[in-house]
**Student:** 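To start, I am sharing the structure in question, which I have written as structure tokens.
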Protein chains: 2
Amino acid sequence: MLMIGDLARRTGTKVNTIRFYEEIGLMPKAVRTSGGRRIYGEPQARQLGFIRHARELGFSVEEIRSLIALSANPDQDCNEAGAIARRHLASVEDRITRLVALRDALSAATRSCDGGRISDCRVMEAITIMPA
Amino acid sequence: MLMIGDLARRTGTKVNTIRFYEEIGLMPKAVRTSGGRRIYGEPQARQLGFIRHARELGFSVEEIRSLIALSANPDQDCNEAGAIARRHLASVEDRITRLVALRDALSAATRSCDGGRISDCRVMEAITIMPA
DNA sequence: CTACGATCTACAGTCACTGTAGGAGCAAGC
DNA sequence: GCTTGCTCCTACAGTGACTGTAGATCGTAG
């Protein structure tokens, strides 16, 4: 169905990254053509899509691995998935708080810069006074 | 004033990381005691605090380097600082959007998990349907 | 003076990729 | 049939931003 390059384009992943995911076991070993080339289908495309989303959103490879394992036998403990989600929820909320503060500081800083006087430039200060 | 360990505790940085910042030139070469130990004062503590904030908020070392250089001669081009800020503003806003969506999905997932039926667990789906 | 913790240098290891070298598969055009 | 040119292959080195470890030295409290 899909060559590795097609899959890469479809999911916005580098070819090397897909091979890397196979190597570390995040993606299953791909079926090969007689010529030795990896071929993929829809299930693999969906799994890779999931991995990319999760990575972009700050999940570590180990967390993704456990989520995939969990979904492989969904009759198993739901609490484990819930625990993973809860652990992330707190840190996601913290990141949102700090990013909103940064956004406000950055937009204020760019506004004062646009206005023009050099002495009005508060970019450094805006960033420096960010909450921890 | 401050030994490297004190500075580390005050800024929530690892001792090795402070030495690393000195090595790559993010922090100035520290003044040493006769015994060869690094000593720091308030300006260094503030600079390290700035670096940590900026790192946590997703600025790369190179960007931080340019911001520090900028603040060293603040009579210089304000537009450059503004450009750095603006470049970040867009990506910060994008990250906020996606994280808010993730937060909602995660909290929905944990709620349905708490409720208890295993078949109700939607953690994988919640994450998978995240917007790119 | 000795024991102990903090610091020193130097370097190897980690995580999650990313890039490169050198070779092979394969469809299209001559 | 042969060449051109693209995609793919393996294998491995490099990146960014740290983090950890080994072995030596400093400095102070008991």
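In what follows, chains are A, B, ... by sequence order, proteins preceding strands, each numbered from 1. Atom set for the values below is all heavy atoms of this structure, side chains included, hydrogens, waters and symmetry mates excluded. What you are looking at is a predicted structure, and each value in this text was computed from that prediction instead of being measured.
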**Student:** So if I define the base as every atom that isn't primed, P, OP1 or OP2, how would nucleotides 9-22 of chain D read as a B/S/- string at a heavy-atom cutoff under 4.0 Å?
**Tutor:** SB------BBSBB-
**Student:** What is the distance, rounded to the nearest whole Å, between atom CD1 of Ile24(A) and atom C1' of dT14(C)?
**Tutor:**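 After rounding, the gap between these two atoms is 13 Å.
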**Student:** List in chain and number order the residues that pass side-chain hydrogen bond (donor to acceptor under 3.5 Å, both in side chains) with Tyr21(B), two or more places apart in sequence or in another chain; answer none if no residue qualifies.
**Tutor:**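 Residues passing side-chain hydrogen bond (donor to acceptor under 3.5 Å, both in side chains) with Tyr21(B): Arg52(B).
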**Student:** Using whole Å, what does the distance between atom P of nucleotide dT7(C) and atom CD1 of Ile18(B) come to?
**Tutor:**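 Those two atoms, CD1 and P, are 9 Å apart.
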**Student:** Going by side chain to side chain contact (heavy atoms under 4.5 Å, CB included), name the residues that satisfy it together with Gln47(B), two or more places apart in sequence or in a different chain.
**Tutor:**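 Checked Gln47(B) against side chain to side chain contact (heavy atoms under 4.5 Å, CB included); matches are Met27(B), Pro28(B), Ile51(B), Ile68(B).
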**Student:** Mind calculating the distance between CE (Met27(A)) and P (dA16(C)) to the nearest angstrom?
**Tutor:**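 Met27(A) atom CE is separated from dA16(C) atom P by 17 Å.
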**Student:** For Glu23(A), enumerate each residue passing the side chain to side chain contact (heavy atoms under 4.5 Å, CB included) test, keeping only those at least two apart in sequence or located in another chain.
**Tutor:**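 Scan of Glu23(A) (side chain to side chain contact (heavy atoms under 4.5 Å, CB included), adjacent residues dropped) gives none.
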**Student:** Please collect all side-chain hydrogen bond (donor to acceptor under 3.5 Å, both in side chains) contacts where either partner lies in residues 29-39 of chain A, sequence neighbours excluded, each pair once.
**Tutor:**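 Non-adjacent pairs meeting side-chain hydrogen bond (donor to acceptor under 3.5 Å, both in side chains): Glu22(A)-Arg38(A).
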**Student:** Quick one: side-chain hydrogen bond (donor to acceptor under 3.5 Å, both in side chains) pairs with a partner in residues 7-19 of chain B, sequence neighbours left out?
**Tutor:**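 Qualifying pairs: Asp6(B)-Arg9(B), Arg10(B)-Glu42(B), Thr11(B)-Thr13(B), Asn16(B)-Arg19(B).
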